[in-house]
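Bear in mind the structure is a predicted one, so any value in this text is a computation, not a measurement. Only heavy atoms go into these numbers, but all of them, side chains included; no hydrogens, no water, no symmetry mates. Chain letters run A, B, ... following the sequence lines, proteins first and then strands; every chain starts at 1.
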Amino acid sequence: MRDLRGSRHEYASMELIEELHSRIGVSSRDPHDANYLRGAFMRRYRENRNLKLALDLCIECGACLTVCPAYISTGDINNSPLGRLRLARAIINNEVSAEILSDAYTYYWQCLTCRRCSWVCPMGIDVGDVSRTIRSILYEIGLAPRYVAGVIDNLETTGNFLGLPPDALKSIINNIIDEIRTEKGVEVKVKIDEPAYALLLPSACADYTVAINTFKGYVVLLNRLGIDFTISTRAPDITNYGLFLDERHMKLIAERIINEARRLGVKLVIAGECGHGWRVFKNYIIPRLREYGIEGTHILYLTADAIKEGFDSN
Amino acid sequence: MDPCHYARGGDLVREPRFILSKVANNYSYLNEKPELAICCGGTSGMLAKEMEDLSIKYARLWYERALMKNADYIVVPCAACKLQMDRVLPKLNKAYGRDVTFIGLMDLVYKALIT
C-alpha cells in the first residue's frame, strides 16, 4: 500500500474562500502569510482557555497514543494527539516556516476530532478542539479543504449537504411516502414547508440517499405517535460542517434552522440520526431555540420513550 | 456502534442501546465502553475523495473488531458513519473476503413496526 502519511485535502479555490469569508466578515489574506498564522495563534492562545491548558499541561505521557485511531492505524507520530500538540508548540515557539504551515494543514485535517484521546488523557486535554482552532486560523489565511468548504457553501446557500433544490427534496419525500404505502400498507402524513407542531431535521447526506430506510423509520414512528410534523425545504438537514472548519460558519448554518423553526411556528425540533449534527444541535441549537420557547430533542429519545411508555412495536 | 459525537459529549448512548435491545435479537456491542467508542473514520471532512485511502486505513480498526464478533450488520445511528460505510465496506469486504453491511437504527425500528 502506498505511503499515506502525507495524505491531505485538496485546497478550496480562493474564489470560494473569499465568498465564505465575506459571509462571516473576515477579510481575505495572503494565503501564505505564515506570520499571520503565528499572531492569530498567539491571540487564540491568550483568549481560548482550552487551547492554553492543552499546550501548557501536556506532559507527553503518550496515553493518547494508545487510543487515537489515526495514530494506531498509521503509526505516524505527526498524525497523533501528541504530535499535533508538538506542532502547535512549534508554531508558538518558532518563526512559522512554509514547512510548518504545510504540516499544519496536513496534520490538523488528518485528525478525526473524535475526542477519544481526551477520555484517556490524565489532564483531560481535548486535542480535537486544538485541531479545530488551528483549522479556523488556517482558513482565515485562505487554506481550507475544497470538500469541506463546498459542503459549507451548499449548507449556507441551500440548507442541505448535497445542494439539492426544493423540487428534488419533495420528490424524494413523496417517494418515501409511496414506498411506505407499498411496504407497510399505511398512508403516512408528511407536511412539507407547512406550519406544524414539530420540525423534523433528517440528515441530508445519508437519509435522502443511501439511508432512505432511516427516513422511513422517522416518518412511520412520528405518524404512529400522532406527532404533527413538517419538513422544511429551506432547512432540511442537520448536517453542520461549520463545526469542522470554523465556528462562525457553524453558527450561520445553525441559525438557518432556528429561523426556519420560528417561521413555521413549531414548538419542537426533532434531530435525525447524525453524530456531529447532534453535537451542534445539543450544544448550540437547543439553547438558542429555548430563547424562543421552542424545544429540541432527538428521534432516538422519542423512540426510547415511546417503547418505555408501553408503545408496542409488534 | 456508538457514534463519537453521541458517546463523547452527546449524552446519547443508553437510548440507542435500549432501542437496539428491543428491535434486534442477536447483537453485541462494538465498544464495551461507549466513551471509548471507535470512530468510523468518516467524520471531520474525511469523506473527501482524496482522503479515502487514509480513511480506509482508519476504518480497519472497527472493521476487524466487527469481524471478530462475526457481525453481519453494523448498526450505525449516524449519517456520516453510513456514508463512510457505504464507500469503505465494499473495499474492505473484498480485501478480507467477507460480507459485512450496515444499517441505521431507525431502519430497524421501521422493520420492527407493524402499523
Which atoms of [X] come close to chain B, meaning under 4.5 Å heavy atom to heavy atom: side chain ones, backbone ones, both, or neither?
X: A:Asn79; value: side chain
X: A:Ile180; value: both
X: A:Arg132; value: neither
X: A:Pro69; value: both
X: A:Tyr241; value: side chain
X: A:His298; value: side chain
X: A:Lys216; value: both
X: A:Phe215; value: neither

Legend entry - Approximate separation, where rounding is to 0.5 Å, of B:His5 NE2 and A:Trp278 CH2: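 Those atoms lie 14.0 Å apart.
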In terms of heavy-atom pairs under 4.5 Å, which option from [options] contacts chain B the most?
options: A:Pro202, A:Ala70, A:Gly150, A:Ser73; value: A:Ser73
options: A:Val188, A:Thr113, A:Val148; value: A:Thr113
options: A:Cys205, A:Ala211, A:Ser118, A:Ser203; value: A:Cys205
options: A:Val219, A:Asp305, A:Ile299; value: A:Ile299

If you count heavy-atom pairs within less than 4.5 Å of chain A, which of [options] leads?
options: B:Ala37, B:Pro77, B:Cys39, B:Ala80; answer: B:Pro77
options: B:Gly104, B:Gly45, B:Cys4; answer: B:Gly45
options: B:Ala7, B:Gly10, B:Pro3; answer: B:Gly10
options: B:Asp86, B:Val109, B:Ile38, B:Leu47; answer: B:Leu47
options: B:Leu61, B:Leu108, B:Leu83, B:Ile103; answer: B:Leu83
options: B:Glu15, B:Met51, B:Arg8; answer: B:Arg8

Pairwise side-chain contact, [X] with [Y], heavy-atom cut-off 4.5 Å (strictly under):
X: A:Glu247; Y: A:Tyr284; value: no
X: B:Val23; Y: B:Lys111; value: no
X: A:Thr209; Y: A:Ile172; value: no
X: B:Tyr27; Y: B:Ser21; value: yes

Inset, instruction - Kindly check if the number of other-residue, nucleotide or ligand heavy atoms within 6.0 Å of NZ (B:Lys49) is above 12? - result: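 No.
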Legend entry - B:Lys69 NZ: over 12 foreign heavy atoms closer than 6.0 Å: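 Count over threshold, so yes.
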Legend entry - Lys/Arg cation over aromatic B:Tyr110: A:Lys184, 6.0 Å, 45° cone: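 Positive - A:Lys184 is close enough to the ring of B:Tyr110 and near enough to its axis.
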Inset, instruction - Go through the side-chain N and O atoms of A:Thr214 and B:Lys82 and say whether any donor and acceptor fall under 3.5 Å apart. - result: yes
Inset, instruction - Go through the atoms of B:Phe18 and report whether side chain, backbone, both or neither lie under 4.5 Å from a heavy atom of chain A. - result: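 Side chain only.
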Inset, instruction - With a 4.5 angstrom heavy-atom cut-off, could you sort out which part of B:Asp2 is near chain A: side chain, backbone, both or neither? - result: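 Contact with chain A is absent: no heavy atom of B:Asp2 under 4.5 Å.
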Inset, instruction - For residues A:Tyr105 and A:Tyr11, establish whether the separation of their ring centroids is below 6.0 Å. - result: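 A:Tyr105 vs A:Tyr11: aromatic centres under 6.0 Å.
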Inset, instruction - Answer yes or no: is there an ion pair linking A:Glu187 with A:Arg181, defined by an N-O contact shorter than 4.0 Å? - result: yes
Legend entry - Minimum-distance pair of heavy atoms, taken over all atoms of B:Lys91 and B:Arg87: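 So the minimum-distance heavy-atom pair works out to CD-O, 4.0 Å.
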